Amino acid sequence: MLLNKGDRLFSEGDTRNELYIVISGELIAVSTNEAKVYRPGDIIGELNLLKNELCQETITAIDDVELQIISKDILDKTLQNQSPWIKSIVMFLSERLSASIANKRNSDKIKALPSLLYEINNQSEETISLQSLHSSLSKLFNAKCCDIVFLLETLQELDLLKLHSDFIYIKNAALINLLYKTIKIRATSKTLPQQILSIADQTVLLAIIRTVQQSSAPLKNGLFTINCSDLLKVAKRSMHGVSLTMRMVRPLIERGIITLSESSATELENVQFIFGDFENILNLVELNRIFPLLDKKLIE
Amino acid sequence: MQQKSKQIIPPSHVCVKAGFVAYTPDDENRKIIILNSGELVAQKTEMPYANVFSMRPGDLVGVAALLEREQFKYKLLATKDSEITIIDEDCMESELKRLPLWLLALIRSMSSKTHELKKAAVQTRVKNTLKSLAEYLSKKKSNCKYLLFELIQEFKFLTKIDAKIIEEDIKSLSRRKFIKLEQINKNICCTILDSELLSIFSDYLFSEETRSNSFVPYKLTITQKKILVYITTIDSSIIKSGPDWANLLHEKFSEVDVSEWPNLLNFGFFSKSYNNFFVNKSCVNYFLKALRYETNIRGVI
């Protein structure tokens, strides 16, 4: 097969049940945000032929090109004449290549998340220009546009931001900052970050949130003060009759999330007031809701 | 032809009783194992010997070991009486010699592409590590002291760049006087001297990569530089129409005519307000800073 300079071999999304071996000349392959050159000896379209996958690139001849075409018929006839295990190996290699491409795509997306959160965290405005974000991420991480868009849509699904045509509106900067720190701690110290709470801790915090919301006492600089007796009542209702104990509250005190008016008390019944930063607690509970969801969405 | 077929080394077929080991990574000979019947389980070789996956008839392992020299790292244990085909290096080589060249090329291409993709999946995507570091540090506050190891740790977390490369790039930024390194109480601290300058430097590297020698501030003519210096003295609250600005500039510099106006707009020196224009101070300051620190940015100190 001969192609003249500028001729298109195929476009992204086309169906081709054949593979091409470049005999002479060069072709340029362009896919979303990436480009590469095929030279003599290179093979194009292994997975189109072996796995009937759609073409993943748009390929154009840079100069006059000669290609050898291998069709499905030729492949089948050739494999019939070989030992049966050769066919098994060829099919196995095609499966493995397809899985590696999918894995690389996924890993690119996952690896771009910290950089995206870092860039968002460092913006002083609530709205960010999409163009400037793309530019910064391209310089910082060489991130692909499609990966950035995917991640922004994922964060939008988690209600952290809102995407408009050419800008992003940040809904909860503090929570994005908390998410960034949590991911960073998990990656750098290889331990479970302190921000990730057990189900028991989350249940206690939800009871505290309910108590604060029912309380008539106003917040002072975002800090709440609740009666411990009120919390015990709310907790009993929300925890299906189970009584809240000091043992359940202690991990939250140790992490500095809440403080007791009587720090040396051994029973909650002997404590009069509980203090804490309400927004911090709301964000912690929300973080623990979205954290596993984010992991799941990224892996999907 | 007869000569050729004589050279073929056939694969070996082996029966493995349930409970016996079919393959162990200690075996120095690399081989492909195809399960014909029965069931095999791949097990880790270290405690607690967890099962990794099961093999059903038709499944095979060891292709990467033979084609890419990546040792298959699990032990294969028969959980049922099994029959396996073993293809060792000699057998594979003799068979590959018989294949048409295009099929051999196809096998090699799929194998090497997979190998490259696996490698790329764990490596950084960053091509220009210095540009990436400059961009990262440009988001930090100017004249603030940061612990160097914390900066390196965070940057490595963001980009997956090797710590040694980061250290070299830190030295490069220090040589250009963009950052200052000093020892305080046994810790090395890094001060970002001017974060905007780092941002300009990363823009410079970016434009050098994408369009060679096209960083706009370094493309200005002498006249354009004179205009730049002049308009820094003009307050941004002054608003004029395009022709009025062109006239003003012509009065100041006789060589400037109306044809220069579109260039100045392209550079971003002026911003539009309805049908009028005002001096864009942040853009003008960006150009001035880029020109003032040209030697640092180009790295020709």
Side-chain angles (χ1 to χ4, degrees), chain A residues 19 21 41-44 46-47 49-50 68 70 74-75 78-79 81-86 88-94 96-108 111-112 114-119 121-123 135-144 147 183-185 187-189, chain B residues 8 10-11 32 34 58-61 63-64 66-67 85 87 91-92 95-96 98-103 105-111 113-128 131-136 138-140 153-160 199 202-203 205-206:
Chain A
L19 72 82
I21 301 171
D42 287 346
I43 292 184
I44 303 169
E46 300 96 327
L47 298 179
L49 175 67
L50 293 164
Q68 183 184 351
I70 307 293
I74 298 174
L75 176 78
T78 311
L79 288 175
N81 294 330
Q82 310 300 328
S83 305
W85 54 268
I86 288 285
S88 302
I89 288 175
V90 169
M91 297 320 289
F92 175 83
L93 284 171
S94 70
R96 218 169 55 118
L97 177 59
S98 177
S100 301
I101 291 170
N103 181 45
K104 169 74 170 46
R105 263 194 222 127
N106 218 23
S107 114
D108 280 348
K111 284 194 289 189
S115 305
L116 174 68
L117 295 176
Y118 177 77
E119 287 290 343
N121 259 337
N122 283 292
Q123 303 290 333
S135 163
S136 298
L137 281 168
S138 165
K139 285 183 276 181
L140 177 63
F141 188 63
N142 190 22
K144 289 189 282 185
D147 291 341
I183 293 175
K184 189 177 142 193
I185 292 167
T188 52
S189 67
Chain B
I8 295 174
I32 291 175
I34 304 172
D59 289 352
L60 68 155
V61 294
V63 174
L66 218 54
L67 295 174
T85 300
I87 298 152
C91 166
M92 184 74 168
E95 197 70 40
L96 290 180
R98 290 176 63 238
L99 295 182
L101 281 178
W102 64 265
L103 187 53
L106 173 64
I107 289 173
R108 296 232 184 275
S109 161
M110 286 196 292
S111 173
K113 278 183 184 175
T114 305
H115 186 66
E116 290 303 315
L117 283 164
K118 275 178 165 178
K119 242 170 57 181
V122 291
Q123 283 173 344
T124 178
R125 278 189 57 80
V126 177
K127 301 270 190 300
N128 186 337
K131 179 187 71 183
S132 175
L133 180 65
E135 181 65 23
Y136 161 71
S138 74
K139 299 295 184 313
K140 301 284 178 196
Q153 191 185 48
E154 185 177 43
F155 184 60
K156 193 180 169 193
F157 154 68
L158 291 174
T159 59
K160 317 282 178 276
S199 174
S202 102
D203 287 347
L205 292 176
F206 182 69

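A quick note: this is a predicted structure, and the numbers were derived from the prediction, not measured. Just so we're on the same page: letters track the sequence lines, and every chain starts at 1.
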Sort [X] into side chain, backbone, both or neither according to what part of it lies under 4.5 angstrom from a heavy atom of chain B.
| X | result |
| --- | --- |
| A:Ser107 | side chain |
| A:Ser135 | neither |
| A:Ile70 | side chain |
| A:Asn121 | neither |
| A:Ile86 | side chain |
| A:Leu47 | neither |
| A:Leu19 | side chain |
| A:Ser115 | both |
| A:Leu116 | neither |

Full working for side-chain contact (heavy atoms from CB on, under 4.5 Å) between A:Trp85 and B:Met92: CA-CA 10 Å; A:Trp85 54 268; B:Met92 184 74 168; 3.7 Å; yes

Quick check on the interface: out of [options], who has the most heavy-atom pairs with chain A under 4.5 Å?
| options | answer |
| --- | --- |
| B:Val122, B:Asn128, B:Ile107 | B:Ile107 |
| B:Pro10, B:Ala134, B:Ala120 | B:Ala120 |
| B:Leu158, B:Val126, B:Leu117 | B:Leu158 |
| B:Glu116, B:Glu154, B:Gln153, B:His115 | B:Glu154 |

Atom pair [atom1]/[atom2] of [X] and [Y] - distance to nearest 0.5 Å:
| X | Y | atom1 | atom2 | value |
| --- | --- | --- | --- | --- |
| A:Leu97 | B:Ser109 | CG | OG | 7.5 Å |
| A:Asn81 | B:Leu99 | CG | CG | 11.0 Å |
| A:Phe92 | B:Asp59 | CZ | CG | 9.0 Å |
| A:Ser136 | B:Glu135 | OG | CD | 4.5 Å |

Please report the shortest heavy-atom distance between [X] and [Y], naming the atom on each side.
| X | Y | value |
| --- | --- | --- |
| A:Lys111 | B:Ala121 | NZ-O, 3.0 Å |
| B:Trp102 | A:Ile21 | CB-CD1, 3.3 Å |
| A:Ser138 | B:Lys131 | O-NZ, 4.4 Å |
| B:Arg125 | A:Ala143 | NE-CA, 4.4 Å |
| A:Ile43 | B:Lys113 | O-NZ, 3.1 Å |
| A:Thr78 | B:Pro100 | CG2-CG, 3.4 Å |

Verdict with supporting geometry, B:Phe155 and A:Leu140, side-chain contact (heavy atoms from CB on, under 4.5 Å): CA-CA 10 Å; B:Phe155 184 60; A:Leu140 177 63; 4.1 Å; yes

Atom group of [X] that falls short of 4.5 Å from chain A, counting heavy atoms:
| X | result |
| --- | --- |
| B:Ile32 | side chain |
| B:Leu205 | neither |
| B:Pro11 | side chain |
| B:Ala64 | both |
| B:Ile34 | side chain |

Validation row: B:Thr114, A:Leu93 side chains within 4.5 angstrom (heavy atoms): no

Worked check of side-chain contact (heavy atoms from CB on, under 4.5 Å) between A:Lys139 and B:Asp203: CA-CA 8 Å; A:Lys139 285 183 276 181; B:Asp203 287 347; 2.3 Å; yes

Residues, nucleotides or ligands: over 12 heavy atoms within 6.0 Å of B:Lys156 NZ: no

Heavy-atom pair count under 4.5 Å with chain B, highest-scoring of A:Arg96, A:Lys104, A:Glu119: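 Ranked by heavy-atom pairs under 4.5 Å with chain B, first place is A:Arg96.
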
Evaluation steps, side-chain contact (heavy atoms from CB on, under 4.5 Å), between A:Val90 and B:Leu103: CA-CA 9 Å; A:Val90 169; B:Leu103 187 53; 4.3 Å; yes

A:Ser83 versus B:Glu95, side-chain donor and acceptor atoms under 3.5 Å: yes

